[in-house]
Asks: 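Here's a structure for you.
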Amino acid sequence: MEHRFRDRRDAGQALARALAGWRGVPGLQVLALPRGGVPVAAEVATALDAPLDVLVVRKVGWPAQPEVALAAIASGGAMVTNPHVLAVAGVEPDELEALAAAERREFERRERAYRGGRPPLDVAGRPVLVVDDGLATGATMLAALSALRALDVGKLGVAVPVGSPESVRRCRELADEVTCLLTPRDFGAVGAYYDLFPQVADEEVRHLLSR
């Protein structure tokens, strides 16, 4: 197997070194995909001297095939639909809204859990760097990027320690810049590229954000 990271903090430090060109970019906002992306992004934000926040994303799945996304809801109030999937699924607008309402409740719970009383994300016109601990299918990252485009961000970057070649390619279609340290041809699970890959608790997310 290719290079492995010790843990998410080690991966974040390695990623930060590759992102040195972002340091000093006016208005830069680092956004982590919770929960696993937060310890990685915390190292990146510290190294780049940029504020850190989380971008909560919830997929609205097709009931017949829940892994297929009809739409996605993200921090900042954006809901991005997938018109092609909606057409194939034959989902009407009122049905989509009912499905989205259930996901919105869980989305709001996570927003409260992770972001507490902080004001809503305001990223319009700002350069944004979205960080996660890895890209397997890349579905959550793609939803995040679509939502950020809907929120009219400025320069949009993706930064991950490891990702599958296909997911990295798909991210390049939506982001202005993608930084991925490892793109193994025979990609396995993200955790396979870390020596230590424990679940990240809500408490750790809150601690890192408050820091």
Side-chain angles (χ1 to χ4, degrees), residues 8 12 27-46 48 50-63 66-82 85 93-154 156-160 171 174-175 190 198-211:
R8 290 182 177 90
L28 175 63
Q29 173 73 64
V30 175
L31 294 177
L33 297 187
R35 289 174 292 205
V38 178
V40 181
E43 298 297 327
V44 170
T46 298
L48 300 182
L52 171 67
D53 209 331
V54 290
L55 182 69
V56 180
V57 179
R58 287 293 293 176
K59 182 176 68 178
V60 181
W62 180 16
E67 73 281 1
V68 176
L70 299 170
I73 304 163
S75 299
M79 184 167 97
V80 180
T81 59
N82 189 331
V85 176
D94 57 343
E95 185 183 355
L96 175 62
E97 187 49 48
L99 293 168
E103 292 300 335
R104 201 172 273 118
R105 286 192 291 274
E106 174 60 15
F107 167 82
E108 289 168 355
R109 185 198 72 77
R110 292 190 179 204
E111 277 266 293
R112 288 192 300 272
Y114 302 145
R115 304 190 70 248
R118 287 205 295 288
L121 279 180
D122 182 10
V123 291
R126 293 183 66 175
V128 171
L129 193 54
V130 191
V131 180
D132 203 356
D133 55 11
L135 295 174
T137 66
T140 302
M141 180 64 80
L142 291 168
L145 297 176
S146 296
L148 288 166
R149 287 296 187 202
L151 293 171
D152 202 24
V153 296
L156 182 55
V158 171
V160 290
C171 284
L174 285 175
V190 170
Q199 287 283 339
V200 177
D202 288 351
E203 293 74 20
E204 183 179 355
V205 171
R206 288 192 288 268
H207 170 72
L208 289 169
L209 290 173
S210 65
R211 192 182 70 182

Asks: Which side-chain N or O atoms in residues 29-37 pair as donor and acceptor under 3.5 Å with protein atoms at least two apart or in another chain?
Replies:
{"residue": "Gln29", "atom": "NE2", "partner": "Pro51", "partner atom": "O", "Å": "3.1"}
{"residue": "Arg35", "atom": "NE", "partner": "Val200", "partner atom": "O", "Å": "3.2"}
{"residue": "Arg35", "atom": "NH1", "partner": "Asp202", "partner atom": "OD1", "Å": "3.2"}

Asks: Just so I know, are the side chains of Val190 and Asp132 near enough to count as touching, which here means a heavy-atom distance under 4.5 Å?
Replies: no
Asks: Hey, could you give me the CE/CZ distance between Met79 and Arg58, rounded to the nearest 0.5 Å?
Replies: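 If I round to the nearest 0.5 Å, the distance is 14.0 Å.
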Asks: Kindly write out the residues that satisfy side chain to side chain contact (heavy atoms under 4.5 Å, CB included) with Ala150, not counting sequence neighbours, or none if the list is empty.
Replies: Ala78, Val80
Asks: Looking only at heavy atoms, which two atoms of Pro120 and Arg115 are closest? And how far apart?
Replies: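 Heavy atoms only, the tightest pair is CA-NH1, 4.0 Å.
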Asks: From Leu208 CG over to Glu43 CD, what is the distance, rounded to the nearest 0.5 angstrom?
Replies: 8.5 Å
Asks: Are the side chains of Leu121 and Leu151 in contact, using a 4.5 Å heavy-atom criterion?
Replies: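 When only atoms from C-beta onward are counted, Leu121 and Leu151 do not touch, as no gap falls below 4.5 Å.
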Asks: Hey, what do you get for CZ (Arg110) to CD1 (Ile73), rounding to the nearest 0.5 Å?
Replies: 12.0 Å
Asks: Kindly compute the distance separating CG (Leu142) from CG (Leu135), expressed to the nearest 0.5 Å.
Replies: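 One finds 8.0 Å between CG of Leu142 and CG of Leu135.
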Asks: Can you name the nearest heavy-atom pair linking Ala74 to Val57, along with the distance?
Replies: CB-CG2, 4.2 Å
Asks: For the atom pair CD (Glu204) and CZ (Arg206), what is the distance rounded to the nearest 0.5 Å?
Replies: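 One finds 11.5 Å between CD of Glu204 and CZ of Arg206.
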Asks: Between Arg105 and Glu108, does any NZ, NE, NH1 or NH2 come within less than 4.0 Å of an OD or OE carboxylate oxygen?
Replies: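 Not counted as a salt bridge, because no side-chain N and carboxylate O are separated by less than 4.0 Å.
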Asks: Evaluate Leu145 against Val158 for side chain to side chain contact (heavy atoms under 4.5 Å, CB included), listing each step before the verdict.
Replies: CA-CA 9 Å; Leu145 297 176; Val158 171; 3.6 Å; yes
Asks: Listing request: all side chain to side chain donor-acceptor pair (under 3.5 Å) pairs with a residue in residues 133-151, at least two apart in sequence or in separate chains.
Replies: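 Listed by first then second residue: Arg8-Asp133, Arg149-Asp176.
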Asks: Got a salt bridge between Glu97 and Arg104, using NZ or NE/NH1/NH2 to carboxylate O under 4.0 Å?
Replies: yes
Asks: Output the distance between atom CG (Leu70) and atom CG (Leu96), rounded to the nearest 0.5 Å.
Replies: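 Here the interatomic distance stands at 6.5 Å.
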Asks: Please name the pair of heavy atoms, one in Leu156 and one in Leu174, separated by the smallest distance, quoted to 0.1 Å.
Replies: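 Minimum heavy-atom contact is CD2-O, 4.0 Å.
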